[in-house]
Amino acid sequence: MLLDWYDAHARDLPWRVPPDRSRAGERADPYRVWLSEIMLQQTTVAAVRPYFERFTTRWPAVDDLAGAADEDVMAAWAGLGYYARARNLLKCARAVVQDHDDRFPDSEAALLGLPGIGPYTAAAIASIAFGRRAVVVDGNVERVMARFGAVETPLPAAKPELKALAAKFTPDDRPGDHAQALMDLGATVCTPKSPACGACPVQSGCKARAAGLAADLPRKSPKARKPERVGIAYVLRDPQGRIYLERRAEKGLLGGMLGFPTGDWSDNLADDSPPVRARWRDSKLTVRHVFTHFALTLHIHVADAAPEGLNGQWLAPGAARGALPTVMRKVLDAVEPPREPEAPHTAG
DNA sequence: GAAACGTGGCT
DNA sequence: TAGCCAAGTTT
């Protein structure tokens, strides 16, 4: 059965209580479960690990994080993507401190009311951190269920059916381990491509396996193709070699993050204009970056000047780099190639 | 329901 | 290389 497989094959993850200790009744720290779940949304374990270690070292408990400065948290999140998660992370930590006496609520319904916590995360925290029976459905679980039940309805239309299937399998005993087992199974055995059905603990009951359909499920509705956009990044350098950065608006793309001034990215450069009067020149350098829903080519214009009337901040390139989202980091690296082969992240 | 919202790794 | 994919949520 699945839990036996988990006891033998559970991945060792820094936010997880291993199965032997879980069987003995130990539970994971809700703060660490929550933080890991937010970081893991649409993000790989490999990408999350170093961020999780840095966050928990710097902010060991929810009240530490709640007391942090916004810009410090945003800088520490830089590079992980989906920055609304970081903004909601802070809102959530502060809500836990102010409205819940520094403790995460232990019910799925109450968790669902907190910023950044949706149906998946609420169920995951309720089951993993609090031992509640909750139906945890992420992309892994959807894939495992679609295969096990040979559900041929394409996603996302199949979601309700897959959740109903997942509900049938959710046990009262060790629901958190069950959820993690299903996700581990999806990540290591029932993988999107070339599933290792021979190594699967539930292969005998799998309808897709029986029908030879495993690798073809779940089916997905065709996705829209990505439009191309272009823009100009304006890089200002003062006599000390510092660069000029602005905090982006709270909402929208890269919201709350530092970045070089840019125009609105569209299908042409026609109405792009510099943020301030200066001797701008086209560096002829460009940066290419692909976002979730569009691809961007950024032309880099530069000026060596420190004009009056700007509201942003001037930072040494080395200090700024770690706080920048990746697309802005690419712009910086194009203009000021880093000394080291790789300067690993000195956010903060 | 659909679109917005990042990034890096793998094929 | 171009596309697919990863422990989703919000609007």
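Residue numbering restarts at 1 for every chain, and letters A, B, ... go by the order of the sequence lines.
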*asked:* Using a 4.0 Å cut-off on heavy atoms, which residues in residues 123-153 of chain A reach DNA chain C? List them by number, or say none.
replied: D138(A), G139(A), N140(A), R143(A)
*Which nucleotide span of DNA chain B, 5' end to 3' end, has atoms closer than 4.0 Å to non-hydrogen atoms of chain A?*
dA4(B) to dG8(B)
*asked:* Salt bridge check, D72(A) against R58(A): does any charged N sit closer than 4.0 Å to a carboxylate O?
replied: yes
*asked:* Could you tell me the boundaries of the chain A footprint on DNA chain C, defined by atoms under 4.0 Å from its heavy atoms?
replied: dC5(C) to dT10(C)
_Comparing G116(A) and K226(A) on DNA chain C - which has the more 5′ nearest nucleotide_ = K226(A)
_Between R132(A) and E108(A), does any NZ, NE, NH1 or NH2 come within less than 4.0 Å of an OD or OE carboxylate oxygen?_
no
*Is R87(A) salt-bridged to D70(A), going by a charged N under 4.0 Å from an acidic O?*
no
*Report which part of the nucleic acid L13(A) touches: base, sugar-phosphate, or nothing (heavy-atom distance under 4.0 Å, all strands).*
base
*More than 12 foreign heavy atoms under 6.0 Å from CZ of R279(A): is that the case here?*
no
_Which residue lies more 5' along DNA chain B, comparing H293(A) with A47(A) via nearest heavy atoms_ = H293(A)
*asked:* Between N140(A) and R143(A), do the side chains contain a donor N or O and an acceptor N or O under 3.5 Å apart?
replied: yes
*Which of residues 188-200 of chain A have a heavy atom under 4.0 Å from DNA chain C?*
P192(A)
*Least distance between heavy atoms, L258(A) atom then P325(A) atom*: O-CD, 3.2 Å
*asked:* Could you tell me how far dA2(C) sits from dC5(B) if I compare only their P atoms? Round to whole Å.
replied: 24 Å
*Hey, can you pull the residues of residues 243-272 of chain A with a non-hydrogen atom under 4.0 angstrom from DNA chain B?*
G252(A), L253(A), L254(A)
*Give one of base, sugar-phosphate or nothing for R87(A), where a contact means two heavy atoms less than 4.0 Å apart.*
nothing
_Any donor-acceptor N or O pair under 3.5 Å, side chains E228(A), T297(A)_ = no
*Any salt bridge between R174(A) and D7(A), counting N to O under 4.0 Å?*
yes
_Tell me the closest heavy-atom pair linking L296(A) and F294(A), and the distance in Å._
CB-CE1, 4.0 Å
*When you measure from every atom of DNA chain B, which of residues 19-43 of chain A have a heavy atom less than 4.0 Å away?*
Q42(A), T43(A)
*Hey, which of these two, A157(A) or G81(A), hits DNA chain B nearer its 5' end, going by closest nucleotide?*
A157(A)
*asked:* Over all strands shown, is P156(A) touching base, sugar-phosphate only, or nothing at heavy-atom distances under 4.0 angstrom?
replied: nothing
*On the ring face of Y51(A), is R54(A) found with NZ or CZ under 6.0 Å from the centre and within 45° of the axis?*
yes
*In whole angstrom, give me the gap between the P atoms of dT11(B) and dA7(C).*
16 Å
*asked:* Salt bridge check, E142(A) against K220(A): does any charged N sit closer than 4.0 Å to a carboxylate O?
replied: no
*Assign each of R16(A) and P115(A) to its nearest nucleotide of DNA chain C by heavy atoms, then name whichever residue's nucleotide is nearer the 5' end.*
R16(A)
